[in-house]
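One structure is given here, and the rest of the page talks about it.
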Amino acid sequence: MGLKSKDLLDIQGLEKDEINLILDTAESFKEVTSRDIKKVPTLRGKTVFNLFFEPSTRTRTSFELAAKRLSADVINFSVSTSSVVKGETLLDTARNIEAMRSDFIVIRHSASGAPHMLARQLKSSVINAGDGSHEHPTQALLDMFTIREKKGMIEGLKIAIIGDIIHSRVARSNIHGLTKLGAEVRIVGPPALIPMDIEALGVSVFYNMEDALSGADVIMVLRLQLERQGKNFFPSLREYAGLYSLTSDKAGYAKEDVMIMHPGPMNRGVEISPEVADGLSSVILEQVTNGIAVRMAALYLLSGVG
């Protein structure tokens with residue numbers, strides 16, 4: 001069994017079996033990342049282009065390492081020094097990259113739907129590394145992998161997602177994935193940062209931290225995306241932090257063995273306190289480690305190798 005599409009564009013379009021296949025495959029590749037020689041010849045001769053139109057540290061580096069550990073050739077496309085600054089369209093840029101015999105194009109773009117548009121026009125496999133406020137599928141996959149690895153399963157877990165839900169592609173991808181795998185998903189934040197009718201996605205909405213975190217197995221904290229907020233969604237950062245920053249006291253509402261997650265980058269003291277981010281319950285750095293294995297699995301399954 002493999003993935004049904006040549007592309008990985010969102011979690012909404014994946015079936016439960018496909019999600020589990022990626023997570024199972026990532027388990028095998030995580031063993032590779034723990035070896036002294038962290039490389040296998042699986043994708044030798046394949047070429048991966050990282051096409052990032054927005055800033056990224058973890059995702060771009062993680063895809064680069066994943067591709068190199070599969071022995072693929074990697075090209076990091078620099079938008080600031082490309083013909084894009086001369087007015088070249090996204091599609092023309094991608095078609096020129098494909099003319100260089102690319103096998104994979106990993107794209108991050110501020111426009112929701114940009115990867116989907118490219119996938120319809122290109123023969124190369126397109127992987128969405130984040131499109132606007134729409135989805136970020138590989139981040140959700142690494143989050144689900146980390147939860148399953150630590151908790152043994154996802155079905156039946158109570159998972160709370162805190163913060164800027166309305167602008168978060170990570171939240172949207174996680175909601176689609178976690179509900180498909182049987183988790184009870186709760187979202188909490190200021191009313192202005194909660195999308196209208198989000199309950200239709202199968203989540204419960206809370207505005208109070210104590211209610212949302214009560215009995216939670218996993219807490220996922222989101223970054224305030226001030227760069228996407230065209231207006232003030234709350235009076236001040238201080239007020240937001242007072243109500244919704246995850247502190248040790250607020251984490252105490254959850255289960256004793258609660259897992260604390262954050263996709264990064266973190267605004268310490270705003271959405272999460274340093275003692276929680278660096279505490280024993282935090283798996284934030286393990287999420288980064290697991291991202292490499294998950295992205296290796298995605299590249300492998302989309303390549304059709306084996």
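Remark: Ser124 pairs with Glu98, Ser102, Ile105 by the side chain to side chain contact (heavy atoms under 4.5 Å, CB included) rule, at least two apart or across chains.
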Open item on the list: Could you go through Lys4 and Glu15, starting from their C-alpha distance and side-chain angles, then the distance that decides it, and tell me whether this counts as salt bridge (Lys or Arg N to Asp or Glu O under 4.0 Å)?
Closed with: CA-CA 9 Å; Lys4 294 181 173 61; Glu15 296 178 4; 3.3 Å; yes

Task: Residues Glu18, Lys16; criterion salt bridge (Lys or Arg N to Asp or Glu O under 4.0 Å); working and verdict - done: CA-CA 5 Å; Glu18 292 180 290; Lys16 178 180 177 180; over 6 Å; no

Task: salt bridge (Lys or Arg N to Asp or Glu O under 4.0 Å) between Arg148 and Glu27, intermediate numbers included - done: CA-CA 11 Å; Arg148 196 177 77 163; Glu27 281 187 21; 2.9 Å; yes

Open item on the list: I'd like to know whether Lys150 forms a salt bridge (Lys or Arg N to Asp or Glu O under 4.0 Å) with Asp257, so could you lay out the CA-CA distance, the side-chain angles of the two residues, the decisive distance to 0.1 Å, and finally the verdict.
Closed with: CA-CA 10 Å; Lys150 290 291 183 182; Asp257 63 346; over 6 Å; no

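For the residue pair His262/Arg223, the side-chain donor-acceptor check at 3.5 Å is not satisfied. Defined by atom type and a distance below 3.5 Å, a donor-acceptor pair is present between the side-chain atoms of Asn290 and Thr146. Asn76 and Glu64 are linked by a side-chain donor-acceptor pair at a separation below 3.5 angstrom, with hydrogens and angles left out of the test. A donor atom on one side chain and an acceptor atom on the other are not found under 3.5 Å apart for Asp17 and Asn20.
Counting heavy atoms from C-beta outward, Ser245 and Glu271 have side chains that stay 4.5 Å or more apart. Contact check for Val270 versus Leu224: side-chain heavy atoms found under the 4.5 Å cut-off. The shortest distance between side-chain heavy atoms of Leu302 and Phe104 falls below 4.5 Å. In this structure the side chain of Arg69 reaches within 4.5 angstrom of the side chain of Thr33, judged on heavy atoms.
A donor-acceptor pair under 3.5 Å links the side-chain atoms of Ser125 to the main chain of Lys6, judged by distance alone. One N or O on the side chain of Tyr244 and one on the backbone of Tyr207 form a donor-acceptor pair closer than 3.5 Å. The closest donor-acceptor contact from the side chain of Arg172 to the backbone of Ser133 lies under 3.5 Å. When atom types are taken as modelled, the side chain of Arg108 and the backbone of Gly130 share no donor-acceptor pair closer than 3.5 angstrom. A distance-only check finds a donor-acceptor pair linking the side chain of Ser173 to the backbone of His136 [under 3.5 Å]. Under a 3.5 Å cut-off, the side chain of Ser273 and the backbone N or O of Gly269 do not form any donor-acceptor pair. Between the side chain of Ser214 and the main chain of Glu210, no donor-acceptor pair closer than 3.5 Å is present. With hydrogens and angles disregarded, a donor-acceptor distance shorter than 3.5 Å links the side chain of Asp103 to the backbone of Thr47.
Nearest heavy atoms, Ala160 versus Ala212: CB-O, 4.0 Å. Taking both residues in full, the closest heavy atoms of Val48 and Ala72 are given as CG2-CB, 4.2 Å, listed atom of the first, atom of the second, then distance. In this structure, Gly113 and Asp131 approach most closely via the heavy-atom pair N-OD2, 2.8 Å. Taking each heavy atom of Ile107 and Val126 in turn, the nearest pair found is CG2-CG1, 3.9 Å. Closest approach of Asp92 to Thr89, counting heavy atoms only: N-OG1, 3.0 Å.
Atom CG of Leu91 sits in a crowded spot, with more than 12 heavy atoms from other residues, nucleotides or ligands closer than 6.0 Å. Other residues, nucleotides and ligands contribute over 12 non-hydrogen atoms within 6.0 Å of the CZ atom of Arg268. Open room surrounds CZ on Arg101; 12 or fewer heavy atoms of other groups in view lie less than 6.0 Å from it.
When hydrophobic clusters are built by joining Ile, Leu, Val, Met, Phe, Trp and Tyr residues whose side-chain heavy atoms come closer than 4.5 Å, directly or via intermediates, Leu222 is not grouped with Leu285. In the hydrophobic clustering of this structure, Met144 does not group with Val288; members are Ile, Leu, Val, Met, Phe, Trp, Tyr whose side-chain heavy atoms approach within less than 4.5 Å, directly or through other members.
Each ring pair (Phe, Tyr, Trp, His ring centres under 6.0 Å) pair with one or both residues in residues 25-62, not counting sequence neighbours, appears once here: Phe29-Tyr300, Phe53-His109.
Results of the side-chain contact (heavy atoms from CB on, under 4.5 Å) test with Met259 over Asp217, Val283, Leu157 single out Val283 as the only residue that passes.
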